[in-house]
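Within every chain, numbering begins at 1; the chains are lettered A, B, ... in the order of the sequence lines, protein sequences first and strands thereafter.
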Amino acid sequence: MFVCGSICGAAVDFLSHRVCLSSPSQQRPNMFPKGTKRKFSDPAEEPASSGDPGPAAPPPAARTLSSSYSLQRQSLLDMSLIKLQLCHMLVEPNLCRSVLIANTVRQIQEEMTQDGTWQIMTQALAAAQCPADRLVATEVLCRQTEPGAQAGQSPKPFPVVGLEEGYHSEEVVMEGEVETEVTMSTLSPQLSSSSYLAGPFGMDPCWDEEDEDGDCEEEEEEEEEEEEEEEEEDEEEEDSEECMSEADEADRDHLSADSRTGEQVFGTFEIKHPTPPPDPALEELFSDVDPSYYDLDTVLTGMQSTPKMGPYDLLESLSSHAPTALSSSASCRSDLNELDHIMEIIVGS
Amino acid sequence: KMLKSGEKHFSLTLILFKDIWRYIRFIITNKCIGERLNSLNATDKRFRNHNLLQADIISTVEFNHTGELLATGDKGGRVVIFQREPESKTEPFSQGEYNVYSTFQSHEPEFDYLKSLEIEEKINKIRWLPQQNAAHFLLSTNDKTIKLWKVSERDKRPEGYNLKDEEGRIKDISTVTSLQVPVLKPMDLMVEVTPRRVFANAHTYHINSISVNSDYETYMSADDLRINLWNLDITDRSFNIVDIKPANMEDLTEVITAAEFHPHHCNLFVYSSSKGTLRLCDMREAALCDKHSKLFEEPEDPSARSFFSEIISSVSDVKFSHSGRYLLTRDYLTAKVWDLNMESKPLETYQVHDYLRSKLCSLYENDCIFDKFECAWNGADSVIMTGAYNNFFRMFDRNTKRDVTLEASRESSKPRAVLKPRRVCAAGGKRRKDDISVDSLDFTKKILHTAWHPTENIIAIAATNNLYIFQDKLNSEMH
């Protein structure tokens, strides 16, 4: 996965740059050597090597952790999230791999919660002032759009999760242009503390048909699922037909899953870029990122329509390594194969 | 003497086993298989040309119960069967070599229209059925469908039909003046492979294992979340015997990684999970074996805990010993032997490539940490074998506690040469000649699939798209 490697490399460099921490001796292969995990309660571990903490550095409560450790942990988290994303790109994601990566993310998140850095991150995001033209905080709309209208940049939503009580704000921080509307169930405080705003997406008409009891909550949950279906379909309209016939059992579970719970565990997405990334290339890369990346359920079941090739190609172009023969040929091949099959259906041969 | 004078310092490490190993290399390359396959019915020729390398990657290797046949499956959905040549006295060196016996296309790529996903034709597992008549039967499976194939020989054909001539054309009745009885005449050996059963539409997730029961009537297929029991004769029904799918997929934290029936007790089977646990189940206890009879799990060492602990504990393969007393499991860094009577910890733990422990983050980054290595017992259950990176594979003698690292590559072994043991040294460590440093290991060359002949010291090693067969030639002249 040379592609993944180079992106992670970029992420790590970016983080180092931002936090003004230079640890040139820190080699990634030795990132998590055995037994060097630092405990929160260990006062002797006051890092003299913490260097100059950047704007997103942990506050005094968590500063007993070495900054390099939290940096490494952060980059591991980023790497894992990218991997979960890339899972989607493949023809059929390997469930075992997805589960293992998801467990790793969960583990990191739990540790970060214990250390208190989690809260810092979420607050940093809340406080982060992204460029105004990207903030859609008040732009909560209940309009529906057609799937096809989402061609082009698909905005990347940041479902914000309040793990702590008292964090109720709902924001949508988007990158890229807002081309679609948000179908939002509610802004009401009736939502639990783990409220979230489903990202901008349109209601896919096919899901509408299947979902007759448009319960608000159910809608909310389904929106999260449809969001992925939506985003993936926006580039290939033929797949909307296939979407309609997705009545598989696995889909049902997928549909009925309480994504809110998933958000609780996986509300890490805002951490991805707590402050505006200075790297425009990375920014552009992630603006096309499939929001289904955030949903564990989709990741695990692999229930999605067309693998999204756009971001994958983008990743490829950014990577300094050529993708391995295996991955590139797999993607080309699946692409070709799929088109072939679609053509066969259409032609009726 | 086997050893050259200059290699005396290796003598101790070379003589590791009771027998002296002398390997005869026999490589089957993709090229010769590819030539045979041009005549096959290849529906996706475009893919074959475009992905010739990928389609030829061997994905499974399995000896049959006598060891006479060796089957390999590849990513292109093809199965190649090798047969061992009978030993001949005239050519002592060609005795027992494996030659291609039959090649056929087992699975084709499919497209799941409901999910808009491609179903790979890659053969995940092949399992032979015990032989009951002249024909051989094997089960091959891809991610979704299992097929039963019959492999039979034909070496006679009837001649002397009354109504048809030699070429099969209908004879002019008026030319037939007398009747004759058709006679069976010998012909060139022809191997026919026909599909006898197709077991489809029973798995939502990807099938990772199949295992034939000792009752010779049933077999099981395991995917990531479920295990189904089939009758070999019935294709439209299967019984679900294990289901670990949570009601809420979001709660999913563990998947099934491998499963196998006990070699003698037809009611017992074991399955492994991604969390490093093994569960022995008894089908007599309940129809749904979600509740295990025994749970084998090694408690985690808290000092060794890292973010990768769970990933490297995931069991990639589980094999019963031939005796049925032990279990062999493989996780990322170790191979473990478990006693069925002791659930608390493994009997023996063998470090396959512990030098990778400090490199887990890089291996996570390049996805190598998710590689699924298989493992194998020898016929006597005294030696275990498993693959590693850089085309290395390892063997551990359980009795002498000695181990050896060998390499399967063209460069390092010539025909009939003795395989030289390899050594991996830590970066910057004391390095001997011919040692390989950890940093120079090639992680794209991985040996995931290995098989050991059921009774003899013959091993089959799949190195990407090459198959190596090594034999131990007991030669009384050399010691």
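- When heavy atoms are compared at a cutoff of 4.5 Å, Leu225(B) approaches chain A solely by way of its side chain, counted from C-beta outward.
- Shown here is Asp442(B), whose CG atom has more than 12 heavy atoms of other residues, nucleotides or ligands within 6.0 Å.
- Rounded to the nearest 0.5 Å, atoms CZ (Phe307(B)) and CD (Glu111(A)) are 3.5 Å apart.
- Under the 4.5 Å side-chain criterion, counting only non-hydrogen atoms from C-beta, Cys96(A) is not in contact with His206(B).
- Of the two parts of Ser314(B), only the side chain, counted from C-beta on, holds a non-hydrogen atom closer than 4.5 Å to a non-hydrogen atom of chain A.
- For Thr257(B), the part lying under 4.5 angstrom from a heavy atom of chain A is the side chain only.
- With sequence neighbours left out, the side chain to side chain donor-acceptor pair (under 3.5 Å) criterion links Asp317(B) to Lys319(B).
- Sparse packing is recorded around NZ of Lys445(B), with 12 or fewer heavy atoms of other residues, nucleotides or ligands lying under 6.0 Å away.
- For the atom pair CG (Leu360(B)) and CG (Leu76(A)), the distance works out to 11.0 Å, reported to the nearest 0.5 Å.
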Candidate pair Cys361(B) and Met79(A), rule side chain to side chain contact (heavy atoms under 4.5 Å, CB included), full reasoning = CA-CA 10 Å; Cys361(B) 194; Met79(A) 201 195 305; 4.2 Å; yes
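- With sequence neighbours excluded, no residue forms a side chain to side chain donor-acceptor pair (under 3.5 Å) with Tyr355(B).
- Taking the centre and axis of the six-membered ring of Phe370(B), the NZ or CZ atom of Lys83(A) falls outside the cone set by 45° and 6.0 Å.
- Here the CG atom belonging to Leu252(B) is positioned 5.5 Å from the CG atom belonging to Leu95(A), to the nearest 0.5 angstrom.
- Side-chain contact check for Glu254(B) versus Val99(A): every heavy-atom pair is 4.5 Å or farther apart.
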Could you walk me through whether Glu310(B) and Arg106(A) pass the side chain to side chain contact (heavy atoms under 4.5 Å, CB included) test, one step at a time?
-> CA-CA 12 Å; Glu310(B) 186 185 320; Arg106(A) 215 179 255 133; over 6 Å; no
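- The CD1 atom of Ile101(A) sits 7.0 Å away from atom CD1 of Ile311(B), with the distance rounded to the nearest 0.5 Å.
- In this structure, the side chains of Lys372(B) and Arg97(A) stay at 4.5 Å or more apart for every pair of heavy atoms.
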